[in-house]
Amino acid sequence: MKKIILILAVALAACTFQTKHRGYVFPKDLDVQVAKIKTTNQLEDLIGSPQVKTIYGDEVWIYFGEDENYHGPFPLSYDEKTVLLAWVKGGRVTKTQILHDDDLPDVCIDSDETEIPAAIELNAIQELFNNIGRFSPGALGQ
C-alpha cells in the first residue's frame, strides 16, 4: 500500500500546472487605457516599445501577448492571446485595434521540413570524419 501511495505521489508531482506569460502582459482594462493614448510616447510609457514595426505601407506598431499553459504530460495550450495594433503617423497614434483569441485565426504548423537546395546530407560517421583536421590547437585559444 505504501508503494502505491509513493508511486501515485511521484506521478502527481510530475503533473505540474503552470502558466507562463509570453510577450506583453497587458492590463485588464486595455480597451479603456488605449482609448486615451494619443502619442507614441504615451503608448511606450503604458505598454513599452513594440515587438514589430511595419516597414511597408502605413507604420503599424504591433504588440503580442499570450499565456502558455503547461498541464503535466498533456500538450501545451495557449490562451488569453491578445494583439494590439497601433497605426502611427509621426509621433501621433492615429488608430488602434485590439484582437483577442476569437479574432485570431488558428495557424497549423506543418511538420515537414523545407529542403535546402544543394545541401549535402551526411550521416554521423561522415560528419565525424569530415571534421578531422579542421580544428587546430591555435583555434582553441592556445
Side-chain angles (χ1 to χ4, degrees), residues 3-142:
K3 289 181 182 179
I4 293 173
I5 293 174
L6 180 63
I7 291 171
L8 289 175
V10 170
L12 185 62
C15 296
T16 60
F17 297 95
Q18 184 179 10
T19 299
K20 290 185 179 180
H21 299 288
R22 298 287 182 207
Y24 292 92
V25 179
F26 295 108
K28 294 292 181 197
D29 59 343
L30 181 64
D31 300 337
V32 174
Q33 291 193 20
V34 167
K36 300 175 189 175
I37 294 174
K38 301 296 179 208
T39 67
T40 55
N41 289 335
Q42 291 173 336
L43 183 60
E44 286 181 331
D45 288 343
L46 178 65
I47 300 173
S49 59
Q51 289 168 315
V52 178
K53 292 181 183 179
T54 58
I55 56 174
Y56 297 107
D58 295 338
E59 185 177 359
V60 180
W61 290 13
I62 303 170
Y63 299 86
F64 177 77
E66 70 181 347
D67 290 342
E68 192 174 70
N69 302 310
Y70 296 94
H71 302 291
F74 301 109
L76 195 61
S77 65
Y78 301 93
D79 63 357
E80 301 290 327
K81 291 181 216 144
T82 305
V83 177
L84 170 63
L85 304 170
W87 281 262
V88 175
K89 191 165 212 152
R92 312 263 327 143
V93 176
T94 58
K95 177 183 170 187
T96 58
Q97 183 177 5
I98 299 170
L99 304 172
H100 296 287
D101 286 338
D102 298 335
D103 304 324
L104 300 170
D106 288 331
V107 178
C108 297
I109 305 298
D110 193 5
S111 62
D112 291 341
E113 294 180 10
T114 303
E115 291 186 26
I116 300 172
I120 300 171
E121 293 189 22
L122 304 174
N123 62 28
I125 301 295
Q126 290 171 328
E127 286 280 351
L128 179 68
F129 285 109
N130 196 33
N131 286 328
I132 293 176
R134 286 192 175 186
F135 304 105
S136 64
L140 297 175
Q142 296 176 355

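The analysis underlying the following values was restricted to heavy atoms, covering all of them including side chains, and did not include hydrogens, waters or symmetry mates.
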Practice problem: Starting at CG of L122, measure out to CD of E127 and round the result to the nearest 0.5 Å. | Solution: 4.5 Å
Quiz item: So how far is it from I98 CD1 to D31 CG, rounded to the nearest 0.5 Å?
Solution: 4.0 Å
Exercise. With the side chain counted from C-beta on, respond yes when L84 and Y24 share a heavy-atom pair under 4.5 Å apart, and no when they do not.
Key: no
Exercise. Show the numbers, then the answer: is there a side chain to side chain contact (heavy atoms under 4.5 Å, CB included) between E59 and K89?
Key: CA-CA 7 Å; E59 185 177 359; K89 191 165 212 152; over 6 Å; no
Self-check item: Minimum side-chain heavy-atom gap R22-F64 below 4.5 Å
Solution: no
Quiz prompt | Which atom of Y63 lies closest to which atom of P50, heavy atoms considered | solution = CE2-CA, 3.4 Å
Quiz item: Rounded to the nearest 0.5 Å, what separation is found between the NZ atom of K20 and the CG atom of N69?
Solution: 11.5 Å
Quiz item: Counting distance only, does the side-chain N/O of T54 pair as donor-acceptor with the main-chain N or O of V60 below 3.5 Å?
Solution: yes
Quiz item: Is it true that atom CG of L128 has more than 12 heavy atoms of other residues, nucleotides or ligands lying nearer than 6.0 Å?
Solution: yes
Quiz item: If every non-hydrogen atom of V25 is compared with every non-hydrogen atom of H21, which pair is closest and at what distance?
Solution: CG2-CB, 3.7 Å
Quiz item: Is there a side chain to side chain contact (heavy atoms under 4.5 Å, CB included) between K81 and D101 once you walk through the steps?
Solution: CA-CA 5 Å; K81 291 181 216 144; D101 286 338; 2.9 Å; yes
Quiz prompt | Closest approach of T82 to H100 (non-hydrogen atoms, all atoms of both residues) | solution = OG1-ND1, 3.7 Å
Self-check item: Shortest non-hydrogen contact between Q51 and G23, atoms and distance
Solution: NE2-CA, 3.7 Å
Quiz item: Is there a donor-acceptor pair under 3.5 Å between the side chain of E44 and the backbone N or O of N41?
Solution: no
Self-check item: K38 backbone acceptor or donor facing Q42 side chain under 3.5 Å
Solution: yes
Quiz item: Considering only heavy atoms from C-beta outward, does the side chain of L30 approach that of I47 to under 4.5 Å?
Solution: yes
Quiz prompt | Inter-residue atom distance T96.OG1 - I37.CD1, 0.5 Å rounding | solution = 7.5 Å
Quiz item: Mind checking whether T94 and D58 have side chains closer than 4.5 Å, heavy atoms only?
Solution: no
Quiz item: Do you know the tightest heavy-atom contact between Q33 and L46?
Solution: OE1-CD1, 2.7 Å
